[in-house]
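Presented below is the structure to which this report refers.
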Amino acid sequence: MKSTGLALILGSILLSSCAENPPRTKTYTPHEEQKSAPLISKDDAIKNTQTLYQKGDYANALAHLDAIHEDQLRANDRAEYWNLRGLILLAQKKPLQSETSFRKALNDNRVPEYNSYYQYNIATAQMDAARPAEALKTLDQIKLQNLDTTQQHKILSLKEKLGSELNSVPAPDSKVTPGASPQTLSSDAGTAVVVMPTPTEIFHGDVVKTRIGLLLPLSGKYESFGKKAQRAIELAFQHSSDDRAKTYELVPVDSGDTPESQLEGLKKLIEVEKVIAVIGPILSKGIEGLSANAAYYQVALLSIAQSQGPVNSHLFSCSISTRDQASRIVEYAMKTKGYSKFAILAPSNKSGEEMANAFWDEVEFRNGEIKEFELYDPNDTDFRKPVDRTLGLFYTEARAKELEELAAKRSEMNITRKTMKTAQYYTLPPIIDFDAVFIADEAKTVGQIIPTFAYRDAKKISFLGTSAWNSSQLIQRAQDNVEGAVFPVGFNTLSPSASSLQFTDLYKSTYSANPAELEAIAFDSAELVIKTLSQSPSNRDEFTKKLETISAVDGATGSVAIQNHRCARKLTLYSVQSGKLVALPDENN
């Protein structure tokens, strides 16, 4: 039996006997799910409640939440459930109850960047409960450097207000922009947090109904990606079947590569350029701040960043998200292939851990099991340790009895030297107690990891991956070892739909280059904007409402529809067969 290291599972701590290396842990603490209660999606459970809350109908909003049992929610949706409950209770002037809910949101949170926002809500509830000292102490725990400037100002303003009440005003944080003069916020303004934006102030400014903003990195290290997206968006407007699209004005603004520069770019697009909608950003970093400001400006933000960002009435996530990928590959693995047990390997960075967590959640949602989970340094080039831990070959003391049996066999057979023929009497065999291995990394790295399994005599293993595997480097590096591997793609070029093929031909004939997934997503985002504009919205908020209800478009990534502020699409699965990538047929057809 393999040593599992340290794992937080259902509140129990299981200790291994090995202290040589950091123990293996899941990156978040799962919660036990009531098998008797049917799981429901976050969208069904929360969106209607959010709408009632934003309308000020707090009684019905709370009644709607009361009808939902916490254990009916998927584990990664519970923090949002508790945060929304806390906001409703705070609005009803029930600060003690709201504080309890916000603390549960903090405990259930799986996105570290959101901790600060939940702590801010806790402090607001404490202030409303006339406990300024406790509120100030809570605010002191917030790491301001993790927030954008706007949110830093809110927290500093609340600290100043509390400090004044206690006759001890804390000094401003040195990381905040010098010369800033944040507004003094009332406690009610404390409910306007990024995780569930409900701004107490709404921007009211002029709008040019035919002007669309592009918030893209047009300089710096991500410039090439920004310009590729811009070309795809321009292509959609220039060649749209709707003749009016050619009369619309596109206004590109450089978003830079920092959260602050992205916020400045959005401000310019709204306050100076007066656009009716915005396509962008590309970068996930700072999406929370942009989401909050989109709510303040009442502008639809069609994000093509991989991270979906927080729930927001004006943020639309149009990328091929981690959730989309995990859902598609797990559906295939468990429904089509009949797998139920998995191992996960992932780099210890934000994107790797997010993808690993999304895959884990999908497996648990379908009542599957994660047998092994290994994180490795993103800079590693030697993957023997994580592979050995996955195969039960690293913590050999846990298999001492087997080692003794091998030694006895060597003695019995008078084997004194390790050779190719006698290696089996010296080496422990791998333990493969899973049906497939999911690796949440790019093709270049995966091409090094997969052969390591074969080197450890773990052959004929099924491998599952992400859209980042869609590269020639996968087969070049892993060669025969990657045969049969499966991963999802958003932009299917092997067996494209008619609309995908039309986009590819148009892009190649215009720019003499082949488009990639980013360009396809940007093109589809533009198509959604064009279709919404065809309904002649008169202002930004009306544009948002019409975007929420438009029918699907046939775009570069196939049929794309807006569902609960996400671009819903059916991802195609690619597989390595006979040394080539092939598109698998849709098993549901």
Side-chain angles (χ1 to χ4, degrees), residues 225 228-229 231-233 235-236 239 282 304-306 308 317-333 335-337 355 358-359 362 438-440 442-443 446 463-476 482-511 513-528 552-563 566-589:
F225 297 102
K228 287 178 181 179
R231 293 198 303 185
I233 294 167
L235 195 68
H239 296 273
I282 286 179
I304 49 182
Q306 186 178 51
Q308 290 197 304
S317 300
C318 291
S319 65
I320 310 298
S321 69
T322 55
R323 172 182 168 183
D324 293 331
Q325 296 178 58
S327 176
R328 185 71 179 97
I329 196 67
V330 172
E331 176 190 39
Y332 166 80
K335 184 178 178 181
T336 302
K337 300 296 291 183
M355 182 60 76
F359 182 88
E362 289 294 333
F438 175 73
I439 308 178
E442 61 181 13
V446 171
F463 291 99
L464 307 172
T466 75
S467 62
W469 286 28
N470 190 16
S471 167
S472 59
Q473 292 195 60
L474 179 68
I475 299 174
Q476 289 173 3
V482 76
E483 186 71 17
V486 178
F487 58 90
V489 297
F491 182 38
N492 177 15
T493 59
L494 296 179
S495 57
S497 64
S499 58
S500 297
L501 187 60
Q502 183 180 5
F503 162 71
T504 300
D505 291 343
L506 181 60
Y507 192 96
K508 288 173 64 176
S509 64
T510 304
Y511 300 119
N514 288 315
E517 186 173 275
L518 172 63
E519 293 94 299
I521 294 170
F523 183 90
D524 288 352
S525 300
E527 291 276 30
L528 291 167
V553 299
D554 290 325
T557 59
S559 178
V560 184
I562 295 292
Q563 292 182 6
R566 295 175 58 247
C567 285
R569 48 172 72 83
K570 184 63 177 277
L571 302 183
T572 301
L573 293 174
Y574 279 8
S575 178
V576 180
Q577 296 182 7
S578 301
K580 296 181 179 179
L581 290 179
V582 299
L584 297 180
D586 187 346
E587 62 271 17
N588 293 321
N589 286 339

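Numbering starts at 1 and runs along the sequence shown.
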Mind running side chain to side chain contact (heavy atoms under 4.5 Å, CB included) on Phe225 and Ile304 for me, showing each step along the way? CA-CA 11 Å; Phe225 297 102; Ile304 49 182; over 6 Å; no
Please assess Asn470 against Leu581 for the test side chain to side chain contact (heavy atoms under 4.5 Å, CB included), listing each intermediate value before the final yes or no. CA-CA 9 Å; Asn470 190 16; Leu581 290 179; 3.8 Å; yes
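- The closest side-chain heavy-atom distance from Pro515 to Thr504 is below 4.5 Å.
- The aromatic rings of Phe491 and Phe503 sit perpendicular, their planes meeting at an angle over 60°, well past the 30° parallel limit.
- Checking Asp324 against Ser321 by side-chain atom types alone, a donor-acceptor pair falls below 3.5 Å.
- Around CD of Gln502, the count of heavy atoms belonging to other residues, nucleotides or ligands within 6.0 Å does not exceed 12.
- Of the inter-residue distances, the one linking Ser317 atom OG with Arg323 atom CZ reads 10.0 Å to the nearest 0.5 angstrom.
- Side-chain contact between Asn514 and Tyr507: absent, with no pair of heavy atoms (C-beta onward) separated by less than 4.5 Å.
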Worked verdict on Gln325 versus Met355 for side chain to side chain contact (heavy atoms under 4.5 Å, CB included): CA-CA 9 Å; Gln325 296 178 58; Met355 182 60 76; 3.6 Å; yes
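- Residues Asp524 and Arg569 have side chains in contact (heavy-atom distance under 4.5 Å, counting atoms from C-beta outward).
- Taking 4.5 Å as the limit, every side-chain heavy atom of Glu331 sits out of range of all side-chain heavy atoms of Glu362.
- With Ser499 contributing its side chain and Ala556 its backbone, the two residues share no donor-acceptor pair below 3.5 Å.
- Two residues are said to be in side-chain contact when any heavy atoms from C-beta on lie closer than 4.5 Å; Cys318 and Leu528 meet this criterion.
- For the atom pair CD1 of Ile329 and CG of Leu571, the computed distance is 9.5 Å after rounding to the nearest 0.5 Å.
- Residues Val576 and Phe463 are not in side-chain contact: their nearest non-hydrogen atoms beyond the backbone lie 4.5 Å or more apart.
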Step by step, work out the side chain to side chain contact (heavy atoms under 4.5 Å, CB included) result for Ile439 and Trp469. CA-CA 10 Å; Ile439 308 178; Trp469 286 28; 3.8 Å; yes
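- Proximity of a side-chain donor or acceptor of Ser467 to a complementary backbone N or O of Pro488 within less than 3.5 Å is not detected.
- Proximity of Cys567 to Ile562: side-chain heavy atoms (C-beta onward) are separated by under 4.5 Å at one or more points.
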